[in-house]
Amino acid sequence: MSITNQLMLFIDVVQQGSFAKAAAIHDMDNSSLSKQIKKLEATLGVQLLNRSTRSFSLTSAGEEILVQAHTVVDTLNDIKSTADSYQSQPKGMLRITSGMFFGQQYIQPVINQFMRQYPHVKITLMLDDKRSDIIGDHFDLAFRIGKLNDSNLMVKKIANAHFALIASHDFIAHYGLPTTPEELIALPAIIYGNGDVSLDQIKVSEQPHSELMKTFKIKGSYKVSDVRAMMGAVQAGLGYAIIDLFNLEKPMEEMGLVTLLTDYKLSTMDTGIYALYPHRKQTPLVSEFIKTVQEYIGTPAFWVDHVPNYKKMYK
């Protein structure tokens, strides 16, 4: 194995905080990865890591060499990206991160199509509802939903937020149909929450079709971090929920759901669905994949049609 590849392994071991996690990324076993790090140390003539039974720490030499290793690997990746950009078809490695549900429901079908169309492309997809450090974890592309905070990343909006208040027919039969926000929030809710994201409030107009908005805290005995579990609970009649329409896997009628308070204006709270990538990763491969995702989703996104007459709701 070349010293460049060994440096890449060294970087991943430190970033993942574990030999096992780094080995899994590279489809290696722990002992093989550990041998490569030891060979790197022998080649450089310095110890990079202080190892114990369950953990490790960087030596002083390891800290300095880690910085230089990032520079070397980033430079080589930039050279490779430049060369790839002159190919007639996209090729190379693409590391993508996405939230669990969005990745399974919308990114995986695009990957299936993309890899059939471009057989020389290799893709790693990491699904995690907690936001990754795109640059630190060396992702080429991330798909995020909500508000954006990363000012050092390139951003392309791929879909607007389309919020709705939903409940099941059984829920309405049991509790009745709420006609005001005050009546709604008195009922049990299913709340999505994961990390720093918690959909535990709604911002709606004070009166139907009014421009005056008010924020209401919603209450519920069930808070869940998985979209499919949340939707299953709503279908089971455990509570109502506020969702972005991409959460609907199929038309609402087929899911046994109805919309609530459609005469009230409902704020999307400056959220959306975005593709993000580092400045240094503006490659044809990234651009082509984003384009393919956009074409698959459509403009407006096809899931808007899961709710009949949605364009006339929440205005």
Side-chain angles (χ1 to χ4, degrees), residues 25 74 76-129 131-163 227 243-251 268 270-307 310-311:
I25 290 174
D74 287 347
L76 289 173
N77 284 337
D78 287 343
I79 292 171
K80 184 66 166 58
S81 295
T82 300
D84 287 343
S85 71
Y86 286 92
Q87 302 293 329
S88 59
Q89 286 193 340
K91 62 182 296 187
M93 170 62 76
L94 187 60
R95 284 176 49 83
I96 304 170
T97 181
S98 170
M100 190 73 67
F101 177 83
F102 191 83
Q104 292 171 342
Q105 190 72 12
Y106 304 110
I107 301 304
Q108 184 59 54
V110 174
I111 289 174
N112 296 344
Q113 170 188 336
F114 199 81
M115 295 190 76
R116 285 194 297 266
Q117 186 174 359
Y118 303 115
H120 299 295
V121 171
K122 296 181 180 179
I123 294 178
T124 297
L125 176 63
M126 302 293 288
L127 299 179
D128 193 337
D129 287 328
R131 296 193 172 188
S132 304
D133 179 354
I134 297 173
I135 295 177
D137 290 340
H138 293 277
F139 286 109
D140 304 301
L141 181 59
F143 291 92
R144 286 187 175 168
I145 299 154
K147 293 184 179 180
L148 297 181
N149 302 315
D150 303 280
S151 60
N152 58 341
L153 296 170
M154 299 292 290
V155 177
K156 179 176 176 57
K157 191 173 191 178
I158 61 172
N160 292 322
H162 299 95
F163 280 11
V227 170
I243 65 162
D244 193 319
L245 297 191
F246 79 84
N247 294 153
L248 299 173
E249 298 184 53
K250 51 188 176 181
T268 59
D270 299 321
T271 61
I273 301 175
Y274 303 90
L276 300 88
Y277 53 98
H279 289 268
R280 60 183 175 80
K281 293 295 184 181
Q282 284 183 284
T283 66
L285 179 57
V286 169
S287 299
E288 187 65 22
F289 190 85
I290 294 173
K291 177 184 174 184
T292 307
V293 171
Q294 186 74 75
E295 290 173 349
Y296 178 80
I297 290 174
T299 306
F302 70 81
W303 50 70
V304 174
D305 293 332
H306 287 340
V307 181
Y310 179 80
K311 293 178 181 178

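Closest approach of P278 and D140 over heavy atoms only: CD-O, 3.7 Å. Taking both residues in full, the closest heavy atoms of L141 and A275 are given as CD1-CB, 4.1 Å, listed atom of the first, atom of the second, then distance.
Applying the side-chain contact (heavy atoms from CB on, under 4.5 Å) test to I123 and every residue at least two apart in sequence or in another chain returns L94, I96, I111, F114, M115, V121, F289. By the side-chain contact (heavy atoms from CB on, under 4.5 Å) test, N160 pairs with K157, H162, sequence neighbours left out. Judged as a side-chain hydrogen bond (donor to acceptor under 3.5 Å, both in side chains), and not counting sequence neighbours, the contacts of Y118 are E288. Under the rule for a side-chain hydrogen bond (donor to acceptor under 3.5 Å, both in side chains), the partners of N112 that lie at least two apart in sequence or sit in another chain are Q108. In this structure, the ring pair (Phe, Tyr, Trp, His ring centres under 6.0 Å) partners of F102, at least two apart in sequence or on a different chain, are Y106, F246.
The closest side-chain heavy-atom distance from D74 to H138 is below 4.5 Å. At least one side-chain heavy atom of I107 sits under 4.5 Å from a side-chain heavy atom of V293.
A donor-acceptor distance shorter than 3.5 angstrom exists from the side chain of T97 to the backbone of M126, with no hydrogens or angles considered. The closest donor-acceptor contact from the side chain of D129 to the backbone of M100 lies under 3.5 Å.
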Below 3.5 Å, can you tabulate the donor-acceptor pairs from side chains in residues 294-306 to any protein atom, sequence neighbours excluded?
residue: Q294; atom: NE2; partner: I158; partner atom: O; Å: 2.9
residue: Q294; atom: NE2; partner: T299; partner atom: OG1; Å: 3.3

Any chance you could lay out the side-chain contact (heavy atoms from CB on, under 4.5 Å) test for T271 and F163, step after step, and finish with the verdict? CA-CA 10 Å; T271 61; F163 280 11; 3.6 Å; yes
Run R95 and I25 through side-chain contact (heavy atoms from CB on, under 4.5 Å) and show every step you take. CA-CA 11 Å; R95 284 176 49 83; I25 290 174; 4.1 Å; yes
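Here the OG-CD1 distance, from S98 to I145, works out to 6.5 Å after rounding to the nearest 0.5 Å. Atom CE of M154 is separated from atom OH of Y277 by 4.5 Å, given to the nearest 0.5 angstrom. With rounding to the nearest 0.5 Å, the separation of CG in L285 from NZ in K122 is 13.0 Å.
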